[in-house]
Amino acid sequence: NLKHIEVCDFNRYTVNNLEIYDFDPSKIIISVKNTNISGLELYYMLLNKYKIQVEMVTKDYVIAMTSICDTKEGFQRLEEALIHIDNELYFKKSRQVYHNIKNERVLTSYETFHKKKKEIPLCESAGKMSKEYIYLYPPGIPLIIPGELISEELIADIKEYKELGFSLKGLPSENLNYISVVDEEEG
């Protein structure tokens, strides 16, 4: 029934040319990739208009958690909400290229804890060692942890999340333009 929104079916997906071998059926992944809205916009539509709380949001999908306490009526409410939202959407080619950034770890979080820090502009932080956790909320999964090197890819992702209106935690400045790094001069 849906033309634009996709409820992911793991039975037919691969990731990076690797077949997915397992999945959690209690999680429903709802994608708005290649539509005119972001995952964050879908999150707020479901929450504010349909009173449906999802657990996680990314650039172009949300994850709804289910449990044995959910009812048939609850699933029907979700289905009806998705149909209504889908009818308002149109195709828009996604410009996002998916990549899984694997940050290089130099020190453990514990080792980093004992180092002095300084705040520098985010745009000048590539190659520096993070002193703080930086994460999106929800769900609270770190983009980088203390002791990992900051990459250009990470900086670009942080800027994109900021532009899309995501809540970033761990950056020391209110405007999210600075980052705490290990002060290499102080050791």
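All values reported here derive from a predicted model rather than from experimental measurement. The figures here come from the full heavy-atom set of this structure, side chains too, leaving out hydrogens, waters and symmetry mates.
- Legend: residues meeting ring pair (Phe, Tyr, Trp, His ring centres under 6.0 Å) with Tyr161, ordered by chain and number and at least two apart, are Phe166.
- Note that CG of Leu154 is 14.0 Å distant from NZ of Lys102, once rounded to the nearest 0.5 Å.
- Here Ser26 pairs with Asp24 under the side-chain hydrogen bond (donor to acceptor under 3.5 Å, both in side chains) rule; sequence neighbours left out.
- Atoms CE and NZ, on Met56 and Lys27 in that order, are 10.5 Å from each other to the nearest 0.5 Å.
- Rounding to the nearest 0.5 Å places CG of Leu42 at 5.5 Å from CD1 of Ile5.
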Step by step, would you call Thr66 with Phe75 a side chain to side chain contact (heavy atoms under 4.5 Å, CB included)? CA-CA 9 Å; Thr66 64; Phe75 286 109; 3.5 Å; yes

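- Using a 4.5 Å heavy-atom threshold, the side chains of Lys115 and Val182 count as touching.
- The two residues Leu143 and Asn103 have their closest heavy-atom pair at O-ND2, 2.8 Å.
- For Ala81 against Ile52, the heavy-atom pair with the smallest separation is CB-CD1, 4.0 Å.
- At a threshold of 4.5 Å between side-chain heavy atoms, the hydrophobic network of Ile, Leu, Val, Met, Phe, Trp and Tyr places Ile28 and Leu40 in one connected group.
- Using modelled atom types, no side-chain atom of Arg105 and backbone atom of Leu149 make a donor-acceptor pair closer than 3.5 Å.
- Phe113 and Val181 are assigned to two separate hydrophobic clusters, defined by single-linkage of ILVMFWY side chains at heavy-atom distances under 4.5 Å.
- For Glu119, the salt bridge (Lys or Arg N to Asp or Glu O under 4.0 Å) criterion is met by no residue, not counting sequence neighbours.
- At most 12 non-hydrogen atoms from other residues, nucleotides or ligands lie less than 6.0 angstrom from CG of Asn1.
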Apply salt bridge (charged side-chain N to carboxylate O under 4.0 Å, His left out) to residues Asp157 and Lys162 and explain how you reach the verdict. CA-CA 8 Å; Asp157 276 1; Lys162 183 178 146 184; over 6 Å; no

Does Lys51 form a side chain to side chain contact (heavy atoms under 4.5 Å, CB included) with Leu47? I'd like the steps, not just the answer. CA-CA 5 Å; Lys51 308 302 182 217; Leu47 181 63; over 6 Å; no

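- Every residue two or more places apart in sequence or in another chain that forms a side chain to side chain contact (heavy atoms under 4.5 Å, CB included) with Ser67 is listed here: Cys69, Asp70.
- Both Ile85 and Tyr44 belong to a single network of hydrophobic side chains, linked directly or stepwise wherever heavy atoms of I, L, V, M, F, W or Y lie under 4.5 Å apart.
- Not counting sequence neighbours, the partners of Glu73 by the side chain to side chain contact (heavy atoms under 4.5 Å, CB included) test are Thr71, Gln76.
- Here CG of Leu171 is found 5.5 Å from CD1 of Ile158. Values are rounded to the nearest 0.5 Å.
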Please report, to 0.1 Å, the donor-acceptor pairs under 3.5 Å made by any side chain of residues 122-129, with sequence neighbours excluded.
residue	atom	partner	partner atom	Å
Ser125	OG	Leu122	O	2.7

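- Of all the heavy atoms in Val54 and Ala64, the pair that sits closest is CG1-CB, 4.1 Å.
- Residues His84 and Tyr50 meet the side-chain proximity criterion, which asks for heavy atoms closer than 4.5 Å.
- Of all non-hydrogen atoms in Lys3 and Asp86, the two that sit nearest each other are N-OD2, 2.7 Å.
- Partners of Lys131 by salt bridge (Lys or Arg N to Asp or Glu O under 4.0 Å), not counting sequence neighbours: none found.
- With sequence neighbours left out, Lys49 forms a salt bridge (Lys or Arg N to Asp or Glu O under 4.0 Å) with Glu88.
- Using a cut-off of 4.0 Å between Lys/Arg side-chain N and Asp/Glu carboxylate O, Lys117 and Glu132 are scored as salt-bridged.
- Partners of Tyr90 under the ring pair (Phe, Tyr, Trp, His ring centres under 6.0 Å) rule, at least two apart in sequence or in another chain, do not exist in this structure.
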Take Ile37 and Met45, measure what side chain to side chain contact (heavy atoms under 4.5 Å, CB included) needs, and give me the verdict at the end. CA-CA 10 Å; Ile37 65 170; Met45 286 177 181; 4.1 Å; yes

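- Note: His4 NE2 to Phe91 CZ = 9.5 Å, rounded to the nearest 0.5 Å.
- Listed by chain and number, the residues in a side chain to side chain contact (heavy atoms under 4.5 Å, CB included) with Ser130 are Ile144, Ile150 (sequence neighbours excluded).
- Looking at residues two or more places apart in sequence or on another chain, you find a side chain to side chain contact (heavy atoms under 4.5 Å, CB included) between Tyr133 and Ser109, Tyr135, Pro142, Ile145, Pro146.
- Follow the hydrophobic side-chain contacts under 4.5 Å out from Tyr178 and you never reach Leu168; the two are in separate clusters.
- Among all heavy-atom pairs drawn from Val57 and Tyr43, the shortest one is CG2-CB, 3.8 Å.
- Here the CD atom belonging to Glu79 is positioned 8.0 Å from the CG atom belonging to Leu82, to the nearest 0.5 angstrom.
- In terms of the side-chain hydrogen bond (donor to acceptor under 3.5 Å, both in side chains) criterion, residue partners of Ser38 (sequence neighbours excluded) are, by chain and number, Glu41.
- Linking ILVMFWY residues whenever their side-chain heavy atoms come closer than 4.5 Å, directly or via other members, places Leu164 and Leu136 in the same cluster.
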